2 protein chains.
Amino acid sequence: MKRWTLEDIGKLAGVSRSTVSRVINDQPHTSPAVRQRVEQVIRETGYQPNSAARSLASSQSRILGLVMPSILQSAFTDPYYALIIQAISHACNQHDYTPSLFLFQSADEEAKMSQRLASSGLIDGLIVTADTIDSQFVQMIQPYAIPFVQIGRPLRESATCISYVDVDNEAGAYLAASHLIQQGYQRIGQLATLHNTAGHDRDAGFRRALLDRGLPIDEKLIALSSFSEASGYRAMQQLLTQKPEAVFAQSDAIALGAIRAIRDQDLRVPEDIAVVGFDDMPLAASASPPLTTVRQPIARAGKLAVETLLDIIQTSPQPARHIVLPVELVIRASSGAVS
Amino acid sequence: MKRWTLEDIGKLAGVSRSTVSRVINDQPHTSPAVRQRVEQVIRETGYQPNSAARSLASSQSRILGLVMPSILQSAFTDPYYALIIQAISHACNQHDYTPSLFLFQSADEEAKMSQRLASSGLIDGLIVTADTIDSQFVQMIQPYAIPFVQIGRPLRESATCISYVDVDNEAGAYLAASHLIQQGYQRIGQLATLHNTAGHDRDAGFRRALLDRGLPIDEKLIALSSFSEASGYRAMQQLLTQKPEAVFAQSDAIALGAIRAIRDQDLRVPEDIAVVGFDDMPLAASASPPLTTVRQPIARAGKLAVETLLDIIQTSPQPARHIVLPVELVIRASSGAVS
DNA sequence: CCAAGACTTGGGAGCGCTCCCAAGCTCATT
DNA sequence: AATGAGCTTGGGAGCGCTCCCAAGTCTTGG
């Protein structure tokens, strides 16, 4: 299969390479007849412009990088990441950008790669999933001019100058806890994680709902987990000693682990203990019983992250963009509600 | 942050750009003293070579593409894909290649992109997860010179000229079914998928084990599923009407769905029905009960796919490489074994 | 009719690097 | 002493494209 160049196509169509370039880049100032002739030759030859030459001449690669810092490594099988990656990939396809992936195994690797990602011209911009409390990656790339968007809220101290796309975690947890309270439950536990800002915000929303409804906050009803099914199982086993009537789990994976722990004690969901999750993963609706959960618009977040990044690349970095997407409560059987 | 060029670094170090190029590319014929001087200037300036210029001049991008055809779209949250992607990404990092991702939404998109992927110089090679029966993507790129490796066995007709990395699915299913037979079970069901070659091979191994041990194959004990937990649940519900004593599920996700269906009927695993899966996903060991399963070396497969592709890129496409990785049976509680 | 502006086209130059060959120096062998 | 081989260094050229400006043609308004 022959590699054609602009010059080749120009000769075949009887025009210059400049004209061919104008045609493939949809620029004005080419007559319709000439345009048609060039497009015909392109179709017949299967010509594809050389990516490296385009990048070098135009100073942009049309490649976006998706970065996952090393501390997310063990959580990577959580469906949340598959859904985010899928949404980002599809959005890139829509906009004629290529997504590339940077999954790091160590902080050293991150330090080594950050400079190269920011300076080599390999990528036009970055999407960073870095709402974890102790990730340094964003700090490392900030001195450079490379455009980036964070998925998840940054810490408050740096939030003003960092563009991010987040979901309203606090409101979601508030909805979940309020729903359980409205169902009449008083001893409401939480399976919480404090590794990232999402975890903190969900914890805050849970606490606010209890306070707003005049319920006391019993710290013994809050067990720490990480965002995995197995970790949720262990945390729920611990929480069962406190005899909660209901439990809010900060993610669906945690919720499924909690359900498994409850059933392993021959208790029933929701008859003995009601459960609410957060995410509305594909698995939630088909769980036993179907899971009441807070739906976060993951696909939408991924899409918006790409679009926000392209906006930054194409217009200007300032002002920083802060997008917080609404969540909604999806009531199914696990909370004992009659829906 | 200034963008430095080879010329800049050469001037600062008092050498030509050719010498700087030789230093950053680890080429011989540069004196140690000069090398050191250049490296010092590089450290002080933070110089990063421009990727597009390198690609254009050297005719290689050092970017590998990972392709997932559109029919895998709905299965993408299966942890198998996260693990494969993670392994591929890490192997790319080790070899100083950048992974890029092509998740397609339609066959049209695939057709449109195949030519560009194969011809634009954007990527040096492709890894294709395309063992599904009706994927056309591999056929579309074959006329081009682009190096590629398939993950999963191709159909027999095209197997000789396509390089692939697979696991021994047939042997794995044989082990699983044999284990159940050795436990004394006679009415052994299967939750099967026939969408891809892995599914076919696992079905073949299951059948061969039964035949080898003189057990009849009862087609009513084989229910069709796809590779998801929910689909496994539904298929198991169907299979329960046939009263199996044990069941081999072609993946861990299917097995977890089967376990849930069994428990929803107030039956116990393994006391009432034994279950064996395939994959050894992170979830398998921590399931209730811990899942007996066939471990496939996903991380190893992903790594080998990258290394095989680099070998093809760096040496030659022929002969095609066929790598089949061994699997192993991991005995836990779900099959009723005393381990 | 003339001048100015808009449209169309082509060619020079540059983007930042790698590849390749020429030139110079040093060392070893005859 | 002369010659050849090996090492080191530098500069020309090219990779394939985009950007920019010059030149030519056509249209419109005064």
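Residue numbers begin at 1 in each chain, while the letters A, B, ... track the order of the sequences. Since the model is a prediction, treat every value here as computed from it, not as a measurement.
- Listed by residue number, His29(A), Thr30(A), Ser31(A), Val34(A) are the residues of residues 26-41 of chain A with a heavy-atom contact under 4.0 Å to DNA chain C.
- Contact check of residues 56-64 of chain A against DNA chain C (heavy atom, cut-off under 4.0 Å) returns Leu56(A), Ala57(A).
- Taking the salt bridge (Lys or Arg N to Asp or Glu O under 4.0 Å) definition, one finds that Arg116(B) meets it with Asp96(A), sequence neighbours left out.
- The backbone N or O of Gln27(A) sits nowhere less than 3.5 Å from a side-chain atom of Asn25(A) that would complete a donor-acceptor pair.
- Ser89(B) contributes no side-chain N or O that, together with a main-chain N or O of Ile85(B), makes up a donor-acceptor pair within less than 3.5 Å.
- Of the residues in residues 15-25 of chain B, those placing a heavy atom less than 4.0 Å from an atom of DNA chain D are Val15(B), Ser16(B), Arg17(B), Ser18(B), Thr19(B), Arg22(B), in numerical order.
- Of the options Gln36(A), Glu44(A), Arg37(A), a side-chain hydrogen bond (donor to acceptor under 3.5 Å, both in side chains) to Gln40(A) is made by Glu44(A) and by none of the others.
- Asp8(A) and Thr5(A) share a donor-acceptor pair across their side chains, judged by distance under 3.5 Å alone.
- Here the side chain of Asp166(B) pairs no donor or acceptor atom with the backbone of Val324(B) at under 3.5 angstrom.
- From the 5' end on, the contacts that DNA chain D makes with chain B at under 4.0 Å to a non-hydrogen atom open and close at dC7(D) to dG16(D).
- No donor-acceptor pair under 3.5 Å is formed between the side chain of Ser114(A) and the backbone N or O of Ile141(A).
- Within a 6.0 Å sphere centred on CZ of Arg35(B), other residues, nucleotides and ligands contribute more than 12 heavy atoms.
- Taking five base pairs at each end of the helix from dC1(C)-dG30(D) to dT30(C)-dA1(D) and finding the rotation axis that steps the C1' atoms of four pairs onto the next four gives two axes whose angle is 40°, to the nearest 10°.
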